[in-house]
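Counting begins at 1 with the first residue of the sequence.
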Amino acid sequence: MSEPRPPADSKIEEPEFEEAAFEETEGGDETDASRPDSGATYLVRGASLRAPRPEPALYLVATPIGNLSDVTLRALDLIAGADVLACEDTRVTQKLLSRYGIRRRLFAYHEHNAAESGPALLAEIEAGRSVALVSDAGTPLVSDPGFRLGEEAIARGLPVVPVPGASAPLAALCASGLPSDAFFFAGFLPAKDGARLAKLETLARIPGTLLFFEAPHRIAESLSAMAQGLGPRPAAVCRELTKAYETIYRGTLPELAERFAAMERVRGEIVVCVGPPAAEEAPASGDVDTILRGLLAEMKPAKAAQEAVKLTGLPRRELYQRALELKGGA
């Protein structure tokens with residue numbers, strides 16, 4: 001899920017920051033950082049740092065995916081200094097604010113209130129105020145409702161400024177040991193079996209590493225579907241990245257599917273990385289027919305197509321159609 005690009009001839013320059021005078025505030029989590037002369041600070045290892053006041057814009061601020069020390073100084077500047085701080089879950093973001101001694105009001109923006117909250121946030125920018133948007137973890141707009149806000153801001157001609165930082169898919173890719181010269185982020189697979197296999201078929205021929213998010217209670221069945229739809233590709237299951245129980249499992253998709261099926265319970269947030277298809281040439285049609293005929297002698301067309309995926313690397317739907325043709329002409 002990516003942010004729409006501005007026209008090629010347009011240019012969005014990052015606004016310069018203005019220094020804000022520091023004014024100490026007392027207690028509470030609702031410090032008014034929107035007054036023209038108000039100041040804001042944050043704490044880093046005991047040192048108090050002043051947050052400059054940003055120019056009016058929508059700032060898409062990446063936050064840690066687990067380890068709170070992974071936040072950037074630029075992110076803290078904006079989280080503390082922006083006129084409005086919007087987040088998915090105020091309870092989650094409050095943990096980050098507490099870690100760095102930031103006291104301020106939070107504005108909830110999530111998929112359930114986006115239709116109402118989005119226009120209100122954009123109106124703040126149009127009124128000359130800065131809005132920082134953070135997700136619960138990682139980079140806004142990547143698999144979260146921030147996409148809609150960024151799209152609407154660009155449509156209104158408002159500046160949209162990325163503030164890069166932690167990203168679970170990229171962290172997983174780095175640790176997976178799989179090719180990183182070309183990759184494709186596919187988000188979450190559909191929950192239903194048929195839709196999931198259909199989605200995998202559309203991804204099967206992408207010449208790059210595939211990156212997926214997955215829920216712990218679905219990881220075993222998703223790996224099984226990946227093994228069925230993509231064949232015995234090398235893969236890595238990255239769990240709880242940057243956290244105390246960070247674990248990375250590596251192997252082929254069938255091996256990982258079997259391993260997770262045997263686990264009693266899986267916890268934590270998961271990114272699955274799947275290697276690209278083999279660079280080998282596709283088998284000749286005569287070879288495919290030979291493989292399918294051998295399989296059809298022992299099983300039904302649907303099962304034969306599933307097994308043929310592992311042997312040929314071809315899409316299951318294509319193999320199934322050919323299996324039906326061969327079965328009908330037998």
What pairs of donor and acceptor atoms, side-chain ones from residues 265-272 against any protein atom, are under 3.5 angstrom apart with sequence neighbours left out?
none

Check whether any side-chain N or O of [X] sits under 3.5 Å from a backbone N or O of [Y] as a donor-acceptor pair, and report yes or no.
| X | Y | answer |
| --- | --- | --- |
| Thr139 | Ala166 | yes |
| Glu255 | Thr252 | yes |
| Ser98 | Gln94 | yes |
| Glu88 | Asp136 | yes |
| Glu258 | Pro254 | no |
| Thr247 | Arg239 | no |
| Arg316 | Leu230 | no |

Nearest non-hydrogen partners of Arg148 and Ala114, listed with the distance:
NH1-CB, 3.5 Å
Pick one: which of Gln321, Arg322, Lys327 meets side-chain hydrogen bond (donor to acceptor under 3.5 Å, both in side chains) with Glu325?
Arg322
Would a hydrophobic clustering, with Ile, Leu, Val, Met, Phe, Trp and Tyr connected at side-chain separations under 4.5 Å, put [X] with [Y]?
| X | Y | answer |
| --- | --- | --- |
| Ile248 | Leu256 | no |
| Leu211 | Ile219 | no |
| Val92 | Tyr109 | no |
| Met226 | Leu311 | no |
| Leu189 | Val237 | yes |

Distance in Å, [X] [atom1] paired with [Y] [atom2], rounded so as to fall on 0.5 Å steps:
| X | Y | atom1 | atom2 | result |
| --- | --- | --- | --- | --- |
| Leu106 | Arg91 | CG | CZ | 12.0 Å |
| Lys95 | Thr63 | NZ | OG1 | 12.5 Å |
| Glu124 | Ser130 | CD | OG | 9.5 Å |
| Arg156 | Ile154 | CZ | CD1 | 13.0 Å |
| Thr90 | His110 | OG1 | NE2 | 8.5 Å |

Looking at [X], I'd like to know if its [atom1] atom is crowded, meaning that more than 12 non-hydrogen atoms belonging to other residues, nucleotides or ligands lie closer than 6.0 Å.
| X | atom1 | answer |
| --- | --- | --- |
| Arg218 | CZ | yes |
| Glu318 | CD | yes |
| Phe183 | CZ | no |
| Lys243 | NZ | yes |

Taking side chain to side chain contact (heavy atoms under 4.5 Å, CB included) as the criterion, tell me which of Leu133, Val161, Ile125 meets it with Tyr59.
Val161
Do [X] and [Y] come close enough that some side-chain heavy atom pair is under 4.5 Å?
| X | Y | result |
| --- | --- | --- |
| Leu60 | Val163 | no |
| Leu85 | Phe107 | no |
| Arg196 | Ser222 | yes |
| Leu121 | Leu58 | no |
| Leu73 | Leu49 | yes |
| Arg250 | Ser176 | no |
| Leu96 | Ile79 | yes |
| Val309 | Gln306 | no |

Near-ring test Phe212/Phe185, centroid separation under 6.0 angstrom
no
Please tell me whether Phe213 and Phe188 form a close aromatic pair, meaning their ring centres lie under 6.0 Å apart.
yes
State, without any angle test, whether Thr41 and Arg50 hold a side-chain donor-acceptor pair at a distance under 3.5 Å.
no
Side-chain donor-acceptor contact under 3.5 Å, Ser69 with Arg99:
yes
Does [X] pair with [Y] as a salt bridge, N-O distance under 4.0 Å?
| X | Y | result |
| --- | --- | --- |
| Arg53 | Asp83 | yes |
| Glu307 | Lys303 | yes |
| Arg74 | Asp77 | no |

Could you go step by step and tell me if Leu210 and Arg233 meet the side-chain contact (heavy atoms from CB on, under 4.5 Å) rule?
CA-CA 11 Å; Leu210 303 176; Arg233 298 191 192 183; 4.1 Å; yes
